[in-house]
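Every number for a ligand or one of its atoms is a count from 1 in the order of the listing. Predicted model, so just to flag it, every value in this text is computed and none were measured.
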Amino acid sequence: MVDTAPRATIIDGKAFAAGLVERITAATMRLEHDHGVRPGLAVVIVGDDPASQIYVRNKGETTTRAGMRSETHRLADTTTQTDLLALVQTLNADPGIHGILVQLPLPAQIDSSAVLGAIDPDKDVDGFHVVNAGRLAVGLPGLVPCTPLGSTMLLKATLGDLSGLHAVIVGRSNIVGKPMAQLLLAENCTVTVAHSRSRDLPALCRSADILVAAVGRPEMIRGDWIKPGATVIDVGINRVPSADPVKAAEGKTRVVGDVAFSEATTVAGGVTPVPGGIGPMTIACLLANTYVAACRSAGVESERLDA
Ligand code: GUN
């Protein structure tokens, strides 16, 4: 008989993120008390995509709860690139703003890379500027994209030393896959970056001690793609019709990851759930980056934030 009993630890990203936000909040209070600097984050959203609106509201609320200054700039979806670039320049020059995040995607009339490239790299709390990508690639201090940063923190908290482990990252985006590869290399993992053209993806995945799924395809990674005992990080956030056909017919949806979660729990050693895994870590790391950017702007050494 096949044993399908759950064996995986469910890695509680939500709880770890709450602890991280507490540490950032305490560090933020000390930075303001000792050095008179209150970290400030400006979030810019163009248009009214409902998912982006929810993300942006969450970011604003968490920033304020951490004791930081939070500004949200909501622009119409007809905004021109020139006007958006002018706002970025204003925020670059504002000494009370230490972090700038322009929510993606942007409307078609705007060239995203021109906008991301206009953000002062020292305020680029998304870590998307080519200067920060370059700093990460050569091991210089910079600002690191939030989702891979949060995923790496959670892996270290779960597994301790990652040296020598084989990490397979499925997805090669600039936002997750590539920076994740850099971070895991820096932790002395052996790193494979797999993608849509990789041959025999299931076999590649089965060779992973650490499997990072960042493809944006609902439940693509099946249980039998996972090595028994492996640690699985699910970065996907995919909205699909409700599992209940009546609710699905009413247009109700649910959120699933890139990993078939219940199958993964029967094989993996640990797996992050969706929701409640990597998502909360991403927001916590945005605050961590804002705190670090504020410390650097003031010439103050930042406190260690990992547990
Ligand atoms: N849209 C979805 N995720 C992100 C993110 O991490 N940063 C930005 N700027 N936009 C996003």
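- The two residues Ile226 and Ala230 make their nearest non-hydrogen contact at CG2-CB, 4.1 Å.
- Of all protein heavy atoms, the one closest to atom 1 (N) of ligand 1 is Leu104 O, 2.9 Å.
- Shown in contact with Leu101 at under 4.0 Å from a heavy atom are these atoms of ligand 1, numbered in order with element: 9 (N).
- Val235 and Ile10 are not part of a single hydrophobic cluster, where members link through side-chain heavy atoms under 4.5 Å apart.
- For ligand 1, the atoms closer than 4.0 angstrom to any heavy atom of Val102 are 8 (C), 9 (N).
- Atom CD of Glu301 sits in a sparse spot, with 12 or fewer heavy atoms from other residues, nucleotides or ligands closer than 6.0 Å.
- Within the 4.0 Å heavy-atom criterion, neither part of Ile175 lies near ligand 1.
- Hydrophobic clustering (ILVMFWY, side-chain heavy atoms < 4.5 Å, transitive): Leu286 and Ile119 are in distinct clusters.
- Within a 6.0 Å sphere centred on CZ of Arg217, heavy atoms belonging to other residues, nucleotides or ligands number 12 at most.
- Protein heavy atom closest to atom 6 (O) of ligand 1, with residue, atom name and distance, is Asp126 OD1, 3.8 Å.
- Among all non-hydrogen protein atoms, the one lying nearest atom 4 (C) of ligand 1 is Gln103 NE2, 4.2 Å.
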